[in-house]
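Contents: one structure, followed by commentary.
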Amino acid sequence: MGETGAGLFPDPGNRTAFMETLRELVDDYYDWHESCAGAAGPPSAPTGRPASAGVTGPPAADTDGSGPGLGAVRGLIRELSGCLARESTPWPSPLYLAHMTPDTPIAASLAYLCAMLYNPNNVTSEASPVTTRLEHEVGDDLCRLVGYHPGSGWAHLSSGGHAANYEAIWIARNLRSLPLAAAEDPGSRDLVAGVPRASLVNLPVGRTLDLVDALAARGALARVGRLAGEIRCRGVRGGGRLLFARSAHYAWDKCADLLGFGPGDIEALGLDQYHRIDLPALRRRVCDLLERGRPIVAVVATLGSTGEGSVDDLRGIMRLRDSCEQRYGASFYVHVDAAFGGYCRAICLAGDGSTLPYDDVAAADLPGRLKPEVYEALRALPLADSVTVDPHKGGHVPYPAGGLVLRDRRAAAVVASRAAYFAHGEGDRPAFGPYTLEGARPGAAAAAVWAAHRTIGLHAGGYGRLLRGCIATAQRLHRSFRTAGPSGADGRAPRLLSSYDPDLNILNLSVHQPGGRAGGDAVNRLLGRLRADAAAAPMTNLWVSGNTLGGRGGPDGVEQVLRLCVMKELDPAVTDSVCRALRTAAARGR
């Protein structure tokens, strides 16, 4: 771990302070618990001791702390703790490069543990006054990270990127069908009078949100929303097309199925050499659909694909949308799946939240130089309609902590529901439950994200420095494998070659067999050996995962590769040892 991680993450030097803090928060919790129990008894009842009548429940613990059954509880927890300590996947190890799970800062872990004891449910502030307030603060943080104004945007946490992406397309789908429903509703058709149907089915998002306001002012939003649902059922099942890159996360197929998109309604477009969406192909497809008056629910851009870490040309996608609005008077919703790469925008932010010029971001004395096109995609993020960001990935906080960020909070109204048994917000702060896909939500996650943000900082000197170190390590690995290198004395050993210059902190390695063949069984054998080594000695061996790259020269146009996901900065000496371990494992399989 580089210098940025010093003091942030578990370390022998901060063990004592961690334990002392843990004891303090447990003491606070037990004091709170005793005061709650004592409140039910008569005033003369000792604090923390139940009175002789009026309180039922389990018997009080013995004064020596052993209590009925407590010995069994302690034994059970010790067994669990031992299993976790012996068998858990070693995320903190510098040799763990398999998946997107980072080590967690001690501030986030302590905040999670602290809030978890009180079991808050952030569905409404009535159930969790403290952590609901923290989630609103975190939502403002995420708006500023993405580049939205907290006063007009809105963000909330979710269980992960799946739920956030589903919710975004749920909103996009409902927005897309609302103008058609308004045109059919006798009480609101005047609001869209004169708009041709070809434009109505692809009304620009801003105009659709103004329509939401107008319908709400008339008290017609719920009625027209129900009519929009009927239109979707009797017409195109999903209400239009959903376009994304072939490298997009597998969750998008689930999302399309859940929201009623038919097989012909989802289109996975091809990729360029860096595994970004093929922008010319997207332009041709979007223009064809708009010219034929076919509705587009959303175009999904990816900022950090799961397998490749690739960043789509978001600036180009937004220019495409602008040109479509000028040429056709029609448009489309843009959602960005930045579950993996969203926090990298901190690299581009000054301490006051302003965007740094590229020359400052690419300064030679800083690690992990961003490509100009990646910088431009990050800088264009505020133009998108919604963004998925996962604090439990780039934010380094415990699960579950995904997040959805909306450019305009009015969009949430098209998926809102009501519950009769709790209040729906305080002032301009809506309750989370009625406006989100998930109702019950762990307040502990909000506390963890809040603590991590306050400790590290959402700017170039905070998360930016942390994530630049990860990118710098991926770039060092890429340079080490930029050429295939020696194949061994007899020329028969498989050789490793970086598949392309990575956009962020994920590296894909091709395995070239003698004779020039890439991928295939050689990758599976090598991956099998590495996994067997890791299982035999998890703390001292290398962990990597596999991936399938599309548009390659292998069978069926795909190639099996090794995937290295760098969630921590590695010292050059450790990076060299990773390279040696990979080459040694490859040589063993000849």
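FYI, side chains are in, hydrogens and waters are out, and symmetry mates aren't considered; it's all heavy atoms of this structure. Fair warning: this is a prediction, and the values are worked out from it, not measured in the lab. We count residues from 1, following the sequence as given.
Panel note: side chain R246, backbone I277; no donor-acceptor pair is recorded below 3.5 Å. Side-chain atoms of D253 do not come within 3.5 Å of backbone N or O of C255 as any donor-acceptor pair. Under the 3.5 Å distance criterion, the side-chain polar atoms of T89 are left unmatched by any main-chain donor or acceptor of W91. A donor-acceptor pair under 3.5 Å is formed between the side chain of Y463 and the backbone N or O of G395. No donor-acceptor distance shorter than 3.5 angstrom exists from the side chain of S128 to the backbone of P120, with no hydrogens or angles considered.
With respect to the salt-bridge test (charged N to carboxylate O, under 4.0 angstrom), the residues D313 and R276 do not qualify. The pair E135-R441 meets the salt-bridge criterion, with a side-chain N (NZ, NE, NH1 or NH2) lying under 4.0 Å from an Asp/Glu carboxylate O. Between E373 and R315 there is no salt bridge, since none of the side-chain N atoms of the basic residue sits less than 4.0 Å from a carboxylate O of the acidic one. The pair D103-K568 does not meet the salt-bridge criterion, since no charged nitrogen lies less than 4.0 angstrom from a carboxylate oxygen. No salt bridge links E569 with R476; every basic N to acidic carboxylate O contact stays at or beyond 4.0 Å. Salt-bridge annotation for D257 and K254: absent, with no side-chain N of the basic residue lying under 4.0 Å from a carboxylate O of the acidic one. Under a 4.0 Å N-O distance rule, the pair D28/R23 does not qualify as a salt bridge. Remark: D385 engages R321 in a salt bridge, criterion side-chain N to carboxylate O under 4.0 Å.
Closest approach of W154 and A412 over heavy atoms only: CZ3-CB, 4.0 Å. The two residues V336 and A384 have their closest heavy-atom pair at CG2-CB, 3.6 Å. Between M100 and C565, the closest heavy-atom pair is CG-SG, 3.7 Å.
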(request) Decide yes or no on side chain to side chain contact (heavy atoms under 4.5 Å, CB included) for L303 and L378, but give the supporting numbers first. (result) CA-CA 8 Å; L303 206 158; L378 290 165; 3.7 Å; yes
(request) Report the C-alpha distance between E137 and R454 in whole Å, list the side-chain angles of each, state the deciding distance to 0.1 Å, and finish with yes or no for salt bridge (charged side-chain N to carboxylate O under 4.0 Å, His left out). (result) CA-CA 11 Å; E137 291 186 29; R454 298 299 172 272; 3.3 Å; yes
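Between H162 and H249, the gap from one ring centroid to the other is short of 6.0 Å. Between F244 and H335, the distance separating the two ring centers is not shorter than 6.0 angstrom.
Every residue two or more places apart in sequence or in another chain that forms a ring pair (Phe, Tyr, Trp, His ring centres under 6.0 Å) with Y358 is listed here: Y375.
Looking at heavy atoms from C-beta onward, H156 lies out of side-chain contact with E438 at the 4.5 angstrom threshold. Side chains of V212 and L221 form a contact here, defined as non-hydrogen atoms less than 4.5 Å apart. Between L25 and D27 there is no side-chain heavy-atom pair separated by less than 4.5 Å. Looking at heavy atoms from C-beta onward, E308 lies in side-chain contact with N547 at the 4.5 angstrom threshold. When side chains are defined from C-beta on, S81 does not count as touching L84, because their heavy atoms never get closer than 4.5 Å. Looking at L564 and I506, their side chains never come closer than 4.5 Å, going by heavy atoms from C-beta outward. Contact of the L370 side chain with the C348 side chain is registered, since non-hydrogen atoms from C-beta on lie closer than 4.5 Å. With a 4.5 Å cut-off on side-chain heavy atoms, R144 and D141 count as touching.
Using a 30° and 60° split on the angle between ring planes, Y30 and H33 fall in the tilted class, from 30° to 60°. Aromatic ring orientation, Y29 versus Y118: perpendicular (interplanar angle above 60°, classes split at 30° and 60°).
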